[in-house]
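Below, each value reflects all heavy atoms present in this structure, side chains not excepted, and no hydrogens, waters or symmetry copies. Computed from a predicted model, the values in this text were never measured in an experiment.
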Amino acid sequence: MVAITTELRRQLSVKRSSDRAGLVFRSLLVFSLLIAFAILVAVLLTAVTRAWPILSERPLDFLTSKSSQDPSRAGVWQGIQGSVMLAAITAGVAFPIGIGAAIYLEEYAGDTRFARFTEVVVRNLAGVPSIVYGLLGLAIFVGNLGGLTGGRSVIAGGLTLACLVLPIVIITTQEALRAVPGELAQAGYGIGATQWEVIRSVVLPAAAPGILTGTVLSIARAAGEAAPILVVGALTGVFQTGTMSFLEQMQGFFTALPMQIFAFTKQPSEIWGAHAAGASVAILLVVIALNSVAIYVRARLDRNLRK
Amino acid sequence: MTSTKPEIDSMVGFEDARSVVTQAAGQEPAAAAPATDRAPVFEARDVSVYYSDFRAVTNVDLTINDNEITAFIGPSGCGKSTMLRTFNRMNDLIEGARMVGSLTYHGIDLYSDDVDPVAVRRRIGMVFQKPNPFPKSIYDNIAFGPRLAGTDENMDDIVERSLRGAGLWEEVKDRLKTSALGLSGGQQQRLCIARATAVNPDVLLMDEPCSALDPIATGRIEELMLEMKKDYTIVIVTHNMQQAARVSDRTAFFTAELDPNTDQRTGLLVEYDLTTTIFSQPADERTENYITGRFG
Ligand SMILES: Nc1ncnc2c1ncn2[C@@H]1O[C@H](COP(=O)(O)OP(=O)(O)OP(=O)(O)O)[C@@H](O)[C@H]1O
Ligand SMILES: [Mg+2]
């Protein structure tokens, strides 16, 4: 009896059954997480320390001043405006078209040859380098449609970025739709809902949080792109918006934060380094603001769905 | 200690298949046997169902009567769900699925071109194997169907009536606005039954509605079905022989057999009769083997 108990105790003892491989694996996972975290901290620290001369002296003034030849007066207001407008146009164009296309592909198209072909095309488009979209934008939105967009304008830039994120919006939306359990749609049909009613009242609400997260991430990504809008013609120099109307602004010269960073780093004088870093901080703020909105809306949707 | 005893007893009772079956079989005919003059709701004549080229069920002849509970039993893969789904045209949603033969609902050809499957499903509700409430509030789950169909009745009244009908009202009346996903499995399934009845259907199709539930929740749903047959015609698929014996008026036994021509297993209806007959004197040997557990 005692012998059995001792043996059992030995078998159950922590040391014997401790899972060494699991421990190693877990340490590796934590290590990966630490690296990701370290990179994030490094990015933030570099940006903030380099921008310190400006951030410590005139943080608000820097954000709200227009561009200028004078380093002590130059700010990134036009860049912020440009970036926000670009993001708005991109979202306004890419979201409805992309979400609509994804709903069609997932819910209506079925398994036809056309649907499969479209699917492959979309996936490949998602991998096309952004500068290629810039060339497309230059040819179509600046060239062919220049009369409407005003040429090298924020509209042309926004449309170009919309093309860039469209495949990503389609793919993430498709994935979110696919993640909705089939039983929910079945339940809807079982009560006598039409296909459209099932999509509108069952599938889309259930997929909304996923769609939102994916699409807003894609916009945040696009807001940081420099290459395509550089090709389409965002300005890197100084310009005045003065007393232009809204339409004139939309069709006129524009700049954006990534362009300004690019411009600042090209300046020969050392002083402008702080401006480049300051503009980086500004772009981080814009992206964080966008993501916060997405996270907030997602949390609200989630709460409504499973309170 | 003593208070839990009856519960355990009743669970043991559920486990005892033989006693339930013999009990049901021994019931006096007046109680269990349905009147023969009940109106037919569904009449299936020579119905076969295909998934593309695969014939899942073949040559089914079956009449389902008003205000009765009809049980479909049989081994896995014999086409019970397939057959059930033909009654409200849920198979239409499966690509490649098609039905041949004739299936009428109150004398109307269900598969005629001028019949709208959506309208069919409003009258013929369905409850699924896995409880599938929408990720919405309890209230919105029930209101879903009536809102789509459009109704003059006060929505609060519909919700209360449906939940009462499913025996769920007392349990949830104070949390109607909370998520349906917070309910237990058995409550969720009763919610799904309430949701299906909220549009005032005439038939309820239930595909293994209790297979994800414990014996107590199962017992509640069975009671509910017996109560609901006053207002509805119910067709239930079940793997639980005792359940078929306990609740149904008629039982259809399906099985799947190898078709030597196509080398495929095709489902067929072996025997359809009063439940008491099926469980006491089945006419077919295959039925007897299945219900006595000697199925091979
Ligand atoms: N959507 C489908 N596509 C193709 N074949 C299917 C489909 N659904 C069912 N089948 C086939 O049809 C046959 C009958 O299936 P069904 O689901 O009706 O059986 P069942 O009697 O309900 O089985 P179970 O008791 O396991 O639920 C099976 O051979 C199955 O593989
Ligand atoms: Mg089944």
Side-chain angles (χ1 to χ4, degrees), chain A residues 103-119 173-214 297-307, chain B residues 84-85 88-96 116-138 140-150 175 177-183 188 191-201 204-207 212:
Chain A
I103 293 175
Y104 179 78
L105 279 176
E106 265 323 289
E107 308 288 335
Y108 290 97
D111 197 21
T112 59
R113 193 172 297 186
F114 168 73
R116 260 174 289 163
F117 175 72
T118 316
E119 186 100 36
T173 304
Q174 274 184 298
E175 240 120 68
L177 291 173
R178 244 174 255 167
V180 176
E183 289 108 44
L184 287 186
Q186 294 269 317
Y189 287 118
I191 303 170
T194 62
Q195 183 174 19
W196 166 237
E197 286 164 346
V198 167
I199 292 171
R200 189 199 60 199
S201 308
V202 179
V203 178
L204 276 183
I211 294 176
L212 193 88
T213 315
V297 177
R298 181 181 177 135
R300 290 215 45 160
L301 284 173
D302 267 346
R303 199 160 356 118
N304 286 347
L305 290 179
R306 37 185 148 271
K307 193 169 6 180
Chain B
L84 193 72
R85 286 196 302 258
N88 69 341
R89 297 193 55 172
M90 281 298 270
N91 280 338
D92 289 22
L93 302 170
I94 299 170
E95 221 165 313
D116 176 8
V118 170
V120 168
R121 293 184 205 122
R122 284 211 178 128
R123 304 193 53 108
I124 306 172
M126 191 152 206
V127 177
F128 301 82
Q129 178 168 359
K130 205 171 132 209
N132 55 359
F134 299 126
K136 302 177 193 280
S137 71
I138 293 170
D140 287 339
N141 262 275
I142 307 291
F144 185 87
R147 273 183 193 143
L148 292 182
R175 47 194 282 212
K177 298 289 174 189
T178 62
S179 171
L181 301 184
L183 298 174
Q188 288 190 5
L191 179 75
C192 292
I193 293 173
R195 182 179 63 188
T197 57
V199 286
N200 275 323
L204 278 183
L205 306 174
M206 303 181 149
D207 194 346

What are the two closest non-hydrogen atoms of [X] and [Y], and how far apart are they?
X        : Y        : answer
B:Val118 : A:Ala193 : CG2-O, 4.1 Å
A:Ala187 : B:Phe134 : CB-CE2, 3.9 Å
B:Asn132 : A:Glu183 : ND2-O, 3.0 Å
A:Gly192 : B:Arg122 : O-NH2, 2.9 Å

Rounded to the nearest 0.5 Å, what's the gap from [atom1] on [X] to [atom2] on [Y]? Could you check?
X        : Y        : atom1 : atom2 : value
B:Met90  : A:Tyr189 : CE    : OH    : 9.0 Å
A:Ile191 : B:Arg147 : CD1   : CZ    : 12.0 Å
A:Gln186 : B:Arg85  : CD    : CZ    : 7.5 Å

query = Do you know which of B:Leu148, B:Val199, B:Val120 has the most heavy-atom pairs with chain A at a distance under 4.5 angstrom?
reply =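 When all of B:Leu148, B:Val199, B:Val120 are compared, B:Leu148 has the most.
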Largest heavy-atom contact set with chain A, pairs under 4.5 Å, which of B:Met126, B:Glu95, B:Arg195 =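 Among B:Met126, B:Glu95, B:Arg195, the one with the most close pairs to chain A is B:Arg195.
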message = Within a 6.0 Å radius of atom CZ on B:Arg123, are there more than 12 heavy atoms belonging to other residues, nucleotides or ligands?
response =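 No, CZ of B:Arg123 has 12 or fewer neighbouring heavy atoms, counting only those of other groups under 6.0 Å.
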task = Pick one of side chain, backbone, both or neither for B:Pro133, based on which atoms fall under 4.5 Å of a heavy atom in chain A.
result =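 Backbone only.
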query = Is it the side chain or the backbone of B:Leu205 that comes within 4.5 Å of chain A heavy atoms, both, or neither?
reply =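 No part of it gets close to chain A.
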ask   = Do you know which of A:Gly188, A:Pro181, A:Ala185, A:Gly190 has the most heavy-atom pairs under 4.5 Å to chain B?
value =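 Answer, by heavy-atom pair count under 4.5 Å with chain B: A:Gly190.
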